[in-house]
Asker: 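Have a look at this one before I ask anything.
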Amino acid sequence: MSKNFTTKHVCRKNLLTAIPLLLPPLRTVAQGAFRVKVSQLLNAKKTNKVEGIRPQSTLRQAAKTLLDLRLGALVVTDETNTMIGIISERDLLPVVASCDPKAADALVSDVMTCSVISCGPDDEISYLLHLMNENSIRHMPVLEGGKLIGILSIRELTKAYELLQIEANTDPLTQVSNRRPFLKTLETQFDRARQDGVPMSVAMLDVDHFKRINDTYGHDAGDKTLQQLSRMLIREFRTIDLVGRLGGEEFALVFPDTDLIGAYAACERLRATIQSSEIVADTNKIRLTVSIGLTEICEKASDAAALLKRADELLYVAKNSGRNQVTVEGGVRIPSKASNPAEILE
C-alpha cells in the first residue's frame, strides 16, 4: 500500500486566518507575555533527538519502540533520512482492537499519517496550540530549512502555555499577582459578593518611607525588602485572600467573605508583624513599617474599581496621620505604639 507524503508548514501569519482560535487572543491576556517561540521550547528540552522508524518496519516493531522509549509518536523516514510521515500510538489502536495476531505484522507504511502539519523554530507556541487543538493533532514536527530538528507533543505545548500564563499573571519580583489579573479577580469577587449578599473587604498597603531604603542602600536592597515583605503577606493571610502588587511599594489585599472587623484584625496583625520583623538585605538589617487603608463592600461602592479607590483614599489618610497604622472605613484610626517608623538599622 503506497501513500503520498505531504507536509504543510504553518507559520503565525496564516494561523490567524485559517484557524478558529480556541483560546483568547494573546493581546487580551497579556500583551507580549506569551510570545515564546518554538526554538525556546526546544532549547529548554533535555534532548531534541527525534526517534525515527523505516516505513517497511512492522507495527509490532513500532509499538515496541514506542514502549521502550516511552514516546507518543515516531517519525517515519526513508533511506535518505527524510521524513515521510508520522506513526503514533493512536495509529496502533485499531491494530490492538482488531484482536488479529497478524495485524501486528502489517507495515508502518500502511497506517502512518502522511499528511503532516509542521512548524518552524520561529513559530509561537500559543498559536501552535490553537492549531493542534483545532485539528486534533497530538504531535508536530519542527522543520528548519526542510530538515527535521525536533518534534513537539501537545502535552509539552500545553504545559508550556500554562507556565506562561502563570508567569504573565505573576509579578516577577515579589511572586504575587500583578496588577492586571489582580484587578480582574477583584471584579469577580466583587460581583460574587454583591450577588450572594456576603461581606468582602479590600485594603491598600504602602511601605512607609520606602524611598529612604533605596536612597540609603540602593535598589537591590529595596527589591529584597519587597520580596521579603511579599512573603510575609502570603504567610499571614488565608489561601482565599488575594494579594497583588499594583506598582512600586504598593500592594492591594482582598478578603472574601470577611467583614470590616475581621479584615481589620488581619491587617493589624500584619502591621504588627512587619513592624517587629527585621529584614536582612545583604549585610544590612532593615526595619520598616506599613500604612494600610481598609474598607468593605457597601451600597456606595458601584463597582470593584470604586471600592479599591476608596481603600486608596483611606491609605493616604493613614500616611498623612503619622503612618504605621490601619485606617478603617468610617474615619476610625488606630495608631501604633511605635515611634520612629521605618527605622533603618545598620
Side-chain angles (χ1 to χ4, degrees), residues 5-52 66 69-77 82-91 112-173 175-182 184-185:
F5 173 73
T6 59
T7 177
K8 178 182 179 182
H9 180 77
V10 182
C11 65
R12 179 170 175 264
K13 290 183 178 179
N14 58 36
L15 273 176
L16 285 174
T17 56
I19 304 165
L21 298 182
L22 300 182
L23 299 173
L26 296 184
R27 62 180 65 90
T28 65
V29 184
Q31 185 72 23
F34 284 66
R35 299 188 181 281
V36 175
K37 296 182 178 180
V38 168
S39 58
Q40 295 172 264
L41 186 56
L42 290 177
N43 292 335
K45 294 178 66 174
K46 293 181 179 179
T47 177
N48 290 321
K49 182 180 179 182
V50 182
E51 296 294 336
L66 288 172
L69 299 177
R70 297 183 180 181
L71 298 174
L74 295 171
V75 175
V76 184
T77 57
T82 301
M83 183 178 68
I84 60 174
I86 286 182
I87 184 168
S88 68
E89 51 193 11
R90 181 187 299 177
D91 298 319
M112 69 180 186
T113 301
C114 293
S115 181
V116 179
I117 297 179
S118 66
C119 66
D122 290 331
D123 293 324
E124 295 171 9
I125 65 171
S126 49
Y127 288 92
L128 296 182
L129 187 58
H130 295 317
L131 175 68
M132 296 176 79
N133 278 322
E134 175 67 16
N135 292 275
S136 300
I137 300 170
R138 298 181 64 188
H139 300 87
M140 182 175 289
V142 184
L143 301 180
E144 184 175 29
K147 295 183 179 180
L148 185 68
I149 61 172
I151 186 169
L152 296 174
S153 68
I154 193 169
R155 181 182 302 176
E156 290 174 305
L157 289 171
T158 301
K159 183 178 180 180
Y161 191 87
E162 291 172 350
L163 291 174
L164 285 170
Q165 284 184 310
I166 295 174
E167 181 179 339
N169 293 336
T170 303
D171 177 60
L173 177 65
Q175 296 302 304
V176 299
S177 178
N178 62 28
R179 186 181 187 90
R180 184 190 298 268
F182 177 86
K184 185 175 181 179
T185 305

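All values below were derived from every heavy atom in this structure, side-chain atoms included, with hydrogens, water molecules and symmetry-related copies excluded. The residues of the chain are indexed from 1 along the displayed sequence.
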Asker: Report the distance from atom CG of Leu129 to atom NZ of Lys159, rounding to the nearest 0.5 Å.
Answerer: 14.5 Å
Asker: Counting N and O atoms only, with roles assigned by atom type, does the side chain of Asn133 sit under 3.5 Å from a partner on the main chain of His130, one being a donor and the other an acceptor?
Answerer: no
Asker: Determine the minimum heavy-atom distance between Asn169 and Pro181, stating which atoms define it.
Answerer: O-CG, 3.4 Å
Asker: Could you check whether any side-chain heavy atom of Thr113 comes within less than 4.5 Å of a side-chain heavy atom of Ile87, counting everything from C-beta outward?
Answerer: no
Asker: Show the nearest heavy-atom pair for residues Ile166 and Thr170, with the distance to one decimal.
Answerer: O-OG1, 2.6 Å
Asker: Would you call Val142 and Pro121 a side-chain contact if the rule is heavy atoms closer than 4.5 Å?
Answerer: yes
Asker: Hey, could you give me the CD/CG distance between Glu156 and Leu128, rounded to the nearest 0.5 Å?
Answerer: 12.0 Å
Asker: For a 4.5 angstrom cut-off between non-hydrogen side-chain atoms, does Asp122 reach Val38?
Answerer: no
Asker: Does any non-hydrogen side-chain atom of Ile84 lie less than 4.5 Å from one of Thr77?
Answerer: no
Asker: Heavy-atom distance under 4.5 Å between the side chains of Ile137 and Ile117, does that happen here?
Answerer: yes
Asker: Less than 4.5 Å apart, any side-chain heavy atom of His139 and any of Val75?
Answerer: no
Asker: To the nearest 0.5 Å, what is the distance between SG (Cys119) and CG (Leu152)?
Answerer: 5.5 Å
Asker: Check whether any side-chain heavy atom of Arg155 sits under 4.5 Å from a side-chain heavy atom of Leu157, and report yes or no.
Answerer: no
Asker: Restricting to non-hydrogen atoms, name the atom on Ser126 and the atom on Tyr161 that form the minimum distance, rounded to 0.1 Å.
Answerer: CB-CE1, 3.5 Å
Asker: Mind listing the closest non-hydrogen atom pair of Ala160 and Leu41 along with its distance?
Answerer: CB-CD1, 4.1 Å
Asker: Do the side chains of Ile149 and Leu42 get nearer than 4.5 Å, heavy atoms only?
Answerer: yes
Asker: Rounded to the nearest 0.5 Å, what separates atom OG in Ser153 from atom CE in Met132?
Answerer: 7.0 Å
Asker: Within this structure, what is the CG-CG distance for the pair Leu74 and Asp91, rounded to the nearest 0.5 Å?
Answerer: 10.0 Å
Asker: Return the CZ to CG distance between Arg180 and Asp171, rounded to the nearest 0.5 Å.
Answerer: 14.0 Å
Asker: Of all heavy-atom pairs between Leu143 and Ser118, which one has the smallest distance, and what is that distance?
Answerer: CD1-OG, 3.5 Å
